[in-house]
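Residues take their numbers from the sequence shown, with the count starting at 1. No hydrogens, no waters, no symmetry mates; every other heavy atom, side chains included, goes into these values.
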Amino acid sequence: MEFETYLLSKKIDALTFKVNDIELFSTWLYEFSQLHEASFTDQKRFQINRIRRKYPLNSEINQ
């Protein structure tokens, strides 16, 4: 799975995340490439929730 697809599955707007927080995005991209998807999710569980609230998908905003 690609990182952008992973972010989409977590309901995170990848483009907005990348533009507004390139350092964290780049760090996560590297770590995601080194880990299994489930391991990455386990390690970043609480951070993912924070990023999801900060950079939600547009469809989430409209609902």
> Quick one: are Y55 and L7 in side-chain contact, heavy atoms under 4.5 Å?
Replying inline: no

> By side chain to side chain donor-acceptor pair (under 3.5 Å), which residues pair with T16, not counting sequence neighbours?
Replying inline: D13

>> Suppose we screen for side chain to side chain donor-acceptor pair (under 3.5 Å). Which residues come up paired with Y6, at least two apart in sequence or across chains?
In response: T41

>> I'd like to check the side chain to side chain donor-acceptor pair (under 3.5 Å) partners of N49; sequence neighbours left out, ordered by chain and number.
In response: R52

> Taking it one step at a time, do L57 and I12 satisfy side-chain contact (heavy atoms from CB on, under 4.5 Å)?
Replying inline: CA-CA 5 Å; L57 285 175; I12 297 172; over 6 Å; no

>> Is there a path of hydrophobic side-chain contacts, each under 4.5 Å between heavy atoms, that joins F46 and I51?
In response: no

Under 3.5 Å, sequence neighbours excluded: what are the donor-acceptor pairs made by side chains of residues 22-33?
from : atom 1 : to  : atom 2 : distance (Å)
S26  : OG     : I22 : O      : 2.8
T27  : OG1    : E23 : O      : 2.9
E31  : OE1    : K44 : NZ     : 2.7
S33  : OG     : Y30 : O      : 2.6

> So, for H36 and A38, which heavy atoms are closest and what is the spacing to 0.1 Å?
Replying inline: ND1-N, 3.0 Å

> Is the number of heavy atoms from other residues, nucleotides or ligands within 6.0 Å of CD (Q47) greater than 12?
Replying inline: yes

> With sequence neighbours excluded, what pairs up with R45 under the side chain to side chain donor-acceptor pair (under 3.5 Å) test?
Replying inline: D42

> So how far is it from F17 CZ to E4 CD, rounded to the nearest 0.5 Å?
Replying inline: 10.5 Å

> Do M1 and F40 share a hydrophobic cluster (ILVMFWY, side-chain heavy atoms under 4.5 Å, transitive)?
Replying inline: yes

>> Could you measure the distance from the CD atom of Q43 to the CD1 atom of I48? Nearest 0.5 Å is fine.
In response: 10.0 Å

